[in-house]
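Lettering of chains follows the sequences in order, A, B, ..., and the numbering in each one begins at 1. These numbers were taken from a predicted model, which means no experiment stands behind them. Quick note: numbers below take in every heavy atom, side chains included, and nothing from hydrogens, waters or symmetry partners.
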Protein chains: 2
Amino acid sequence: MASQTVENYIKAIFQLTEREGGSVSTSAISQQLATSAASVTDMLKKLAEQKLIAYVKYRGVHLTPGGKSMAVEMIRKHRLWETFLHDKLAIGWDAVHEIAEQLEHVQSATLIDQLDAFLGYPKFDPHGDPIPDANGKFTLRNQVLLNTLQEGDQAQVVGVREHDADFLKYLDSRALHINASLLIKEKQSYDGSVRVETAGGAETLLSSKAAQNIYVKKNLN
Amino acid sequence: MASQTVENYIKAIFQLTEREGGSVSTSAISQQLATSAASVTDMLKKLAEQKLIAYVKYRGVHLTPGGKSMAVEMIRKHRLWETFLHDKLAIGWDAVHEIAEQLEHVQSATLIDQLDAFLGYPKFDPHGDPIPDANGKFTLRNQVLLNTLQEGDQAQVVGVREHDADFLKYLDSRALHINASLLIKEKQSYDGSVRVETAGGAETLLSSKAAQNIYVKKNLN
DNA sequence: AAATAAATTTAGATAAATCTAAATTTATTT
DNA sequence: AAATAAATTTAGATTTATCTAAATTTATTT
Ligand SMILES: [Mn+2]
Ligand SMILES: [Mn+2]
Ligand SMILES: [Mn+2]
Ligand SMILES: [Mn+2]
C-alpha cells in the first residue's frame with residue numbers, strides 16, 4: 001500500500017503534467033509540495049523503483065500507466081469527498097479542499113463506491129472540476145473563460161481555474177457561485193475588466209485577472 | 001498536532017482502562033496495538049513527556065485529564081464515522097470499524113460538528129456504543145446481558161460487547177440486529193444456552209458465550 | 001567559448017516509529 | 001528465602017521522510 005506521502009507526490013506530478021504538459025521538474029514538485037528539492041530527488045528515486053514514474057536524472061519525470069491510474073484514483077477520491085463536504089455537510093467551497101486533502105488517503109474501495117452512490121454519481125465537484133468515474137473517465141464539457149465573453153453575452157458559472165480560498169470567498173460575496181447566471185453589461189478594452197449583472201440585477205465589476213479565472217458556459221442567443 | 005500513532009495509543013489506553021480499571025500495563029497495550037513491548041515502552045516515555053499519560057516504570061500508565069479528553073474526542077470521531085458509514089452508506093456493522101479506524105484521524109473540528117448535525121446528533125453507534133457529545137458526555141442506558149434473562153422474558157437488542165466481524169455476521173444471519181425484539185423460549189441451566197424467538201417467529205439457539213456478548217433492554221411485563 | 005547563474009543531485013544528519021536480543025526488575029514457585 | 005518465570009526496559013538497528021550544505025550538471029549570459 002502506498003504511503004500518504006507517495007500518494008501526494010503522484011497526485012502532484014499528475015496535476016503538474018496536466019498544467020504544463022511534457023515532463024515535470026524537480027523544482028516544480030518541490031514548490032507544489034513545499035518540500036526541499038533534495039527531498040524530492042530522494043523520493044523520485046523511490047517512485048521510479050516502484051515503477052510509478054519514469055525518471056531521467058536532471059531531466060524530470062512523467063507518470064507510468066500505473067502511476068497515472070493511482071493519480072486518477074486519488075483525484076476521484078478527493079473530488080468525491082469535496083462534493084460530500086459541500087453538498088451534505090454544508091461546508092463552503094473555500095474550505096473543502098483542505099479537509100479532502102486528508103480524506104483522500106482513507107483506504108477502502110467499498111467506501112468510495114458507496115460514497116459515490118450516496119452522492120448520486122456526481123460528475124463535477126464544488127469547484128466545477130470533473131470527477132473521474134470508477135473507470136477513471138472524466139466528463140468533458142463546453143466551457144470558456146469569462147474574459148472571452150463580449151458585451152451582451154449571457155452565461156452561467158461552471159467552474160473556477162484558481163482554487164485560492166480568498167478568491168473563492170470573494171466570488172461568494174458577489175453571488176458568483178457555481179450555476180450563477182450572468183450577463184456582460186460592459187467590457188473595458190484597455191484593461192480587460194468586465195461589468196457583470198448577476199441574478200436579481202446586482203452588478204459587479206470584475207478585474208481582468210478575476211475574469212480569467214472563472215469558467216462559464218455561454219448561453220445561445 | 002498529535003500523530004495518528006499517538007492518537008491510537010491514547011485511545012487504546014482509554015479503552016483498556018475502561019475494561020480493566022486502574023493502571024494499564026505495557027503488555028496490555030502491546031497486545032491491543034499488535035506492537036512489541038519494547039516499542040510500547042519507547043512510546044510511553046514520549047507520551048509522558050507530552051503530559052498525556054502518567055507513567056511509572058514497570059508499573060503501567062494512566063491518562064492525564066489532557067490524555068483523557070483526547071481519547072474521548074477520538075471515540076466521538078470514531079463512532080460518528082461508524083454511524084455515517086452504516087446509516088448513510090449502508091456499510092454493514094461488521095465492516096464499519098476498520099474504515100472508521102482511519103477516518104477518526106482526520107483533523108477538522110468543523111467537519112465533526114457538521115457530521116454530527118448531518119446525522120441528527122446520534123446517541124449510539126451501529127454497535128450500540130454511546131457516542132460522546134461535543135462536551136464529551138456519554139449517554140447512559142439501562143441494559144443487561146442476554147444471558148441474565150429468564151424464560152418468558154421479552155427484550156430488544158441494544159448493543160454488542162464483542163465487536164469481532166464474524167460474531168456480527170453471525171448475528172446478522174439470525175436477524176439479531178440492533179433493535180431486534182426477542183422472547184426467551186427456553187434456557188438450559190446446565191450449559192447456559194438459550195433458545196430465543198425473533199420477529200416473525202423464527203427461533204435460534206444461542207450458546208452461553210454468544211448470550212454473554214449481547215446487550216438487551218428488558219421489556220416490562 | 002568562457003563565465004556565470006540556476007537547477008539538480010549527493011553527502012551527511014535528524015526525527016518518528018518500529019524491531020530483535022540482551023539486561024533488568026517484579027512476581028510466583030518451590 | 002532462593003530459584004525460577006514473567007514482565008518490562010535498555011541497547012543497538014532499521015525504515016521512511018525530511019533537512020542543510022556542498023558538489024555537480026545544465027542553462028543562460030557575456
Ligand atoms: Mn493529500
Ligand atoms: Mn475541487
Ligand atoms: Mn485509528
Ligand atoms: Mn462501534
Side-chain angles (χ1 to χ4, degrees), chain A residues 1-13 16-17 19-63 67 70-71 74 101-102 104-107, chain B residues 1-13 16-17 19-63 67 70-71 74 101-102 104-107:
Chain A
M1 236 183 335
S3 69
Q4 295 199 11
T5 305
V6 166
E7 290 185 335
N8 284 337
Y9 269 89
I10 294 298
K11 187 159 65 101
I13 294 167
L16 289 167
T17 306
R19 240 181 282 157
E20 321 291 327
S23 69
V24 178
S25 71
T26 298
S27 54
I29 299 168
S30 159
Q31 206 178 343
Q32 174 85 2
L33 297 177
T35 36
S36 72
S39 302
V40 173
T41 299
D42 275 354
M43 182 56 77
L44 294 183
K45 288 182 205 163
K46 288 177 207 157
L47 297 179
E49 262 172 37
Q50 296 176 238
K51 311 262 194 233
L52 292 167
I53 62 171
Y55 171 43
V56 183
K57 249 195 195 180
Y58 294 102
R59 296 265 100 120
V61 301
H62 61 85
L63 293 175
M70 178 185 288
M74 294 308 298
E101 204 56 47
Q102 300 176 62
E104 70 189 1
H105 301 290
V106 174
Q107 305 279 359
Chain B
M1 234 182 336
S3 68
Q4 296 199 9
T5 306
V6 166
E7 290 184 334
N8 284 337
Y9 269 89
I10 294 298
K11 187 159 65 99
I13 293 167
L16 289 166
T17 305
R19 239 180 284 157
E20 321 290 327
S23 69
V24 177
S25 70
T26 298
S27 54
I29 300 168
S30 158
Q31 206 179 343
Q32 175 85 2
L33 296 177
T35 37
S36 73
S39 302
V40 172
T41 299
D42 275 353
M43 181 57 77
L44 294 183
K45 288 184 205 162
K46 288 177 207 159
L47 298 179
E49 261 172 38
Q50 296 177 237
K51 311 263 194 232
L52 291 168
I53 63 171
Y55 170 44
V56 184
K57 247 195 195 180
Y58 294 102
R59 293 268 101 117
V61 300
H62 60 86
L63 294 175
M70 178 185 287
M74 293 309 298
E101 202 57 45
Q102 301 175 63
E104 70 189 359
H105 300 292
V106 174
Q107 305 280 357

Could you state the NE2-P distance from B:His105 to C:dA17, rounded to the nearest angstrom?
12 Å
Any side-chain heavy-atom pair of B:Val61 and B:Leu47 under 4.5 Å:
no
Spacing between A:Gln50 atom CD and D:dT15 atom P, to the nearest angstrom
15 Å
Taking only side-chain nitrogens and oxygens of A:Ser3, does any of them come within less than 4.0 Å of OP1 or OP2 of D:dA17?
yes
Can you find a pair of side-chain heavy atoms, one from A:Arg19 and one from A:Leu16, that are under 4.5 Å apart?
yes
Rounded to the Å, how far apart are A:Gln31 CD and C:dT8 P?
11 Å
Where do A:Ala28 and A:Val24 come nearest, in terms of heavy atoms and distance?
CB-CG1, 4.2 Å
B:Glu7 side chain to B:Met74 backbone, donor-acceptor under 3.5 Å
no
Rounded to the nearest angstrom, tell me the gap between atom CE in A:Met1 and atom C1' in D:dT15.
16 Å
Counting only Watson-Crick pairs (N1-N3 plus N6-O4 or O6-N4) and G-U wobbles (N1-O2, O6-N3), all under 3.5 Å, who is the partner of C:dT30?
D:dA1
Let's go through B:Met43 and B:Thr5 carefully: what are the C-alpha distance in whole Å and the side-chain angles of both, what is the deciding distance for side-chain contact (heavy atoms from CB on, under 4.5 Å) to 0.1 Å, and is it a yes or a no?
CA-CA 9 Å; B:Met43 181 57 77; B:Thr5 306; 3.7 Å; yes
Counting just side-chain N and O atoms, does B:Ser27 come under 4.0 Å of either OP1 or OP2 of D:dT8?
yes
Between A:Arg59 and C:dT9, does any side-chain N or O lie under 4.0 Å from OP1 or OP2?
no
OP1 or OP2 of C:dT10 sitting under 4.0 Å from any side-chain N/O of A:Lys57?
yes
Of the listed C:dT9, C:dA17, D:dA11, the closest approach to the B:Ala38 side chain comes from D:dA11
Under 4.0 Å: is that the gap between some side-chain N or O of A:Ser25 and OP1 or OP2 of C:dA7?
no
Tell me which nucleotide, if any, is Watson-Crick or G-U wobble paired with D:dT8 when both distances must be under 3.5 Å.
C:dA23
Any side-chain N or O of B:Tyr55 less than 4.0 Å from the OP1 or OP2 oxygen of D:dT9?
yes
Using a cut-off of strictly less than 4.0 Å, decide whether A:Tyr9 has a side-chain nitrogen or oxygen near OP1 or OP2 of D:dT18.
yes
Is any side-chain N or O of B:Thr41 closer than 4.0 Å to OP1 or OP2 of D:dT10?
no
What is the pairing partner of D:dT18, taking Watson-Crick or G-U wobble pairs with both distances under 3.5 Å in any strand?
C:dA13
A:Lys45 atom NZ is separated from D:dA17 atom P, nearest whole Å, by 15 Å
Atom CE of B:Met43 to atom C1' of D:dT9: distance rounded to whole Å?
16 Å
Are more than 12 heavy atoms, taken from residues, nucleotides or ligands other than A:Gln31, located less than 6.0 Å from that residue's CD atom?
no
Give a yes/no answer on whether the side chain of A:Ser39 brings an N or O atom under 4.0 Å of OP1 or OP2 in D:dC19.
yes
Starting at CG of B:Leu33 and ending at P of C:dT18, how long is that distance when rounded to a whole Å?
8 Å
If you only use heavy atoms from C-beta on, which nucleotide in D:dT18, C:dC19, D:dT9 is closest to the side chain of A:Asp42?
D:dT18
note: B:Ile29, atom CD1; D:dT8, atom C1'; distance rounded to Å ~ 12 Å
Testing D:dT8, D:dT24, C:dT18 for proximity to the side chain of A:Tyr58, the answer is D:dT24
With respect to the phosphate group of D:dC19, does any side-chain polar atom (N or O) of A:Ser36 fall under 4.0 Å of OP1 or OP2?
yes
